[in-house]
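Note sheet for the following structure.
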Amino acid sequence: MFKLLHAGFDTIDLAIQGSLPPKILDQLRAARDEAATQQEPALCHLSDGKFAAHVSSHGAKGGYAFLLSTGPTGANWMIKDSSDPNQWNIFVSPRSTMLLTNGYAETFTTIEQTIADLGGKVIGVSLNRADFAMDFQTFGFELEIDRFVTHARCKLKPYWSKADQAKDTDQPRSVLNGRRVESVTIGSMPGRQIIVYDKRTEAIARHKPHWFEVWGVDRDDPDLEVWRVEVRAGKDHLKDAYNIRTLEDFENSIGDVIVNSLEKIRYLASRQTDSNISRQILHPLWEATQATAKRELLDLRSGLSPDQIRSIEREKAVDIYLKQVFGNAVGCAVAMGWDDDAIGEKLPTLMVEKLKAVFENDPEAFEKAISRTRKRLHFL
C-alpha cells in the first residue's frame with residue numbers, strides 16, 4: 001500500500017536577464033562589507049523597507065558578487081555587480097518552503113514583484129532547473145537497487161546506511177543485506193535525474209519538522225515510513241530535450257518532462273519469473289508515482305501558509321536555543337566544581353544571577369546582543 005502524502009515542485013531555479021539600479025547595488029556592497037566585519041550575514045533593508053534580506057560576506061561562483069537570503073519562506077538570490085540590463089545578472093532559487101506554501105505561480109509573481117519594487121529591469125527569464133517531488137507513506141517497503149530499469153548509459157548510485165538493529169535483531173543478514181539502502185539516484189545533473197530516498201529519515205536528520213505538518217502524520221511514530229520519488233530536470237535536459245526556456249514553456253511542457261522521465265526510468269516489482277524486462281510489471285510504488293505525475297501538476301500545493309511555516313521554524317529555533325542554554329549552564333556548573341546535588345539545587349538561581357549581572361554591568365553589550373539576534377532571526 002502506498003498512500004500519497006504530498007506532491008509538488010520542490011525546486012525551480014530561474015536565471016533573469018536584467019539588472020538592479022546602481023543605488024541598490026551600492027547598498028548591497030555596504031551590506032556585504034558589514035557582513036564581512038561582523039562575520040555573519042548582515043540584515044539589509046532596500047527600497048524603503050519593501051525588501052529585506054540577509055546579505056552574505058561573499059558572493060557565489062559564476063561572477064555573482066552578492067548572495068542574499070530572504071528567510072525560510074523566501075528565496076536565495078545571487079546578483080552580479082552590474083547595472084547592464086542586457087546581461088544575466090540575477091539568479092533566484094526559491095526555497096522549497098516558498099514553493100510549498102505558495103505554489104509555482106504565486107512564487108513567480110512574488111519574484112517579479114520583488115524586482116519591480118527594487119526598481120529593477122527584467123528583459124528575459126530562463127528556467128535553469130525544476131524538481132518535482134512525491135512523498136508516499138509506505139508499509140514495510142525496502143528499496144532494491146536491482147529493480148530499476150534504465151538506459152545503460154545512466155549512472156545509478158546507491159546510498160547505504162547501517163542496518164537498523166532496533167528492528168528484528170534476530171533476523172539473519174548477509175553482508176549485503178546488513179546495510180539498508182536509503183536512497184538511489186539515477187542520472188546526473190544538469191541532465192535528467194531521478195532520486196528515490198527515505199524522506200522521513202532525511203527530514204529528521206536535516207531538522208525539517210514542517211514536513212510532518214505537511215504530511216499530517218505523527219513524527220514520533222516509530223513505524224512511520226515516508227519515501228520520496230523526486231524527478232529532477234536540469235538546464236541541459238529542459239533545453240535540449242524539450243526546448244523549455246521560458247516560464248510559458250514551463251507551463252506548457254513540464255508535465256511531459258515528469259511523466260516521460262518516469263516512463264523511461266522504471267522500478268519493477270520483485271520476484272518476477274519473466275526474463276523479458278519489457279513484460280515485467282511495475283512495482284506498486286512506481287504505479288502510484290506515474291498516476292500522481294499525470295495529474296494537474298501546476299495546481300498542487302501543500303495547504304500550509306507561510307505563517308505556519310514560520311511558526312514551526314520559531315518553535316525549532318526556541319528548542320535549539322533552550323538546549324544550548326541548558327548544555328552551557330550545566331557545563332558552567334561542572335567547570336565551577338559543583339557536585340550533582342549542587343547543580344540540581346543551585347543552577348537555576350546561578351543562571352538568573354549571572355544574566356542579571358551581565359545586564360547591569362554592561363547594558364550596552366546586552367542591548368547589542370539583543371539587536372544582533374533580532375537581525376539574525378528577522379524572518380521568523
Side-chain angles (χ1 to χ4, degrees), residues 9-29 31-32 41 44-56 58-132 189-190 232-240 242-254 257 298 306 379:
F9 288 97
D10 192 64
T11 298
I12 300 178
D13 291 347
L14 303 173
I16 298 174
Q17 183 184 20
S19 65
L20 299 179
K23 178 182 177 181
I24 297 296
L25 297 177
D26 289 342
Q27 291 177 290
L28 290 177
R29 287 190 210 100
R32 185 183 60 190
C44 182
H45 293 276
L46 303 171
S47 190
D48 298 324
K50 293 180 181 178
F51 179 78
H54 282 133
V55 181
S56 297
H58 55 83
K61 65 180 181 179
Y64 295 100
F66 310 111
L67 183 61
L68 291 67
S69 170
T70 54
T73 58
N76 293 320
W77 294 70
M78 297 188 296
I79 300 171
K80 294 181 180 180
D81 194 353
S82 170
S83 55
D84 180 1
N86 295 313
Q87 303 301 315
W88 294 85
N89 289 316
I90 304 170
F91 189 94
V92 190
S93 180
R95 291 179 181 269
S96 62
T97 43
M98 186 178 187
L99 290 163
L100 191 68
T101 55
N102 297 327
Y104 94 96
E106 189 175 334
T107 295
F108 291 167
T109 300
T110 300
I111 291 170
E112 291 173 352
Q113 186 61 51
T114 296
I115 297 175
D117 289 342
L118 294 174
K121 297 178 181 178
V122 175
I123 305 299
V125 178
S126 177
L127 191 65
N128 192 269
R129 172 174 173 170
D131 298 358
F132 185 76
M189 301 296 282
R232 300 170 176 173
K235 178 173 61 176
D236 291 352
H237 187 62
L238 291 169
K239 293 181 179 179
D240 295 343
Y242 290 90
N243 198 31
I244 295 178
R245 300 174 184 273
T246 67
L247 299 185
E248 183 180 2
D249 296 336
F250 170 84
E251 293 182 341
N252 292 334
S253 303
I254 193 62
V257 175
L298 299 180
F379 294 105

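Predicted model, so just to flag it, every value in this text is computed and none were measured. Along the sequence shown, the residues carry numbers beginning at 1.
A distance of 8.5 Å separates OG1 in Thr246 from CD in Glu251, rounded to the nearest 0.5 Å. Rounding to the nearest 0.5 angstrom, the gap separating the CZ atom in Phe9 from the CZ atom in Phe250 is 4.0 Å. To the nearest 0.5 Å, atoms CG (Leu20) and OG (Ser82) are separated by 10.0 Å. Here the CD1-OG1 distance, from Ile12 to Thr107, works out to 7.0 Å after rounding to the nearest 0.5 Å. Residue Ser47 holds its OG atom at 8.0 Å from NZ of Lys23, rounded to the nearest 0.5 Å. Annotation: the span from His237 atom NE2 to Arg232 atom CZ amounts to 14.0 Å, rounded to 0.5 Å.
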Would you sort out whether Asp249 and Tyr242 count as a side-chain contact (heavy atoms from CB on, under 4.5 Å), showing the intermediate values? CA-CA 9 Å; Asp249 296 336; Tyr242 290 90; over 6 Å; no
May I have the step-by-step check of side-chain contact (heavy atoms from CB on, under 4.5 Å) for Leu28 and Leu46, ending in yes or no? CA-CA 9 Å; Leu28 290 177; Leu46 303 171; 3.9 Å; yes
side-chain contact (heavy atoms from CB on, under 4.5 Å) evaluation trace for Leu238 with Ile254: CA-CA 9 Å; Leu238 291 169; Ile254 193 62; 4.2 Å; yes
For Leu25 and Ile79, run side-chain contact (heavy atoms from CB on, under 4.5 Å): C-alpha distance rounded to whole Å, both residues' side-chain angles, the deciding distance at 0.1 Å, then the answer. CA-CA 9 Å; Leu25 297 177; Ile79 300 171; 4.3 Å; yes
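Looking at heavy atoms from C-beta onward, Gln87 lies out of side-chain contact with Lys80 at the 4.5 angstrom threshold. Considering only heavy atoms from C-beta on, Arg95 stays 4.5 Å or farther from Thr73 through its side chain. You'll find the side chain of Phe108 reaches within 4.5 Å of the side chain of Leu14, heavy atoms only. Residues Ile111 and Ile16 form a side-chain contact, since some pair of their non-hydrogen atoms from C-beta on lies under 4.5 Å apart. For the pair Trp77 and Thr114, the minimum side-chain heavy-atom distance is below 4.5 Å. Inter-residue side-chain proximity for Phe66 and Ile24 is flagged as unmet; no heavy-atom pair is nearer than 4.5 Å.
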Got a list of side-chain donor-acceptor pairs under 3.5 Å for residues 117-129, not counting sequence neighbours?
{"from": "Asp117", "atom 1": "OD1", "to": "Gln113", "atom 2": "NE2", "distance (Å)": "2.8"}
{"from": "Ser126", "atom 1": "OG", "to": "Lys239", "atom 2": "NZ", "distance (Å)": "3.2"}
{"from": "Arg129", "atom 1": "NE", "to": "Asp131", "atom 2": "OD1", "distance (Å)": "3.0"}
{"from": "Arg129", "atom 1": "NE", "to": "Asp131", "atom 2": "OD2", "distance (Å)": "3.2"}
{"from": "Arg129", "atom 1": "NH2", "to": "Asp131", "atom 2": "OD2", "distance (Å)": "2.8"}

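Here the closest non-hydrogen pair linking Ala233 and Val257 is CB-CG1, 3.8 Å. Scanning both residues, Leu67 and Gly59, for their nearest heavy atoms gives CD2-O, 4.3 Å. Residues Ser56 and Arg32 approach most closely at O-CG, 3.5 Å, considering heavy atoms.
Side chain of Asn89 to main chain of Asp84: a donor-acceptor pair is present (N/O by atom type, distance under 3.5 Å, no hydrogens or angles). At least one donor-acceptor pair under 3.5 Å links the side chain of Thr70 to the backbone N or O of Ala75.
Around NZ of Lys235, the count of heavy atoms belonging to other residues, nucleotides or ligands within 6.0 Å does not exceed 12.
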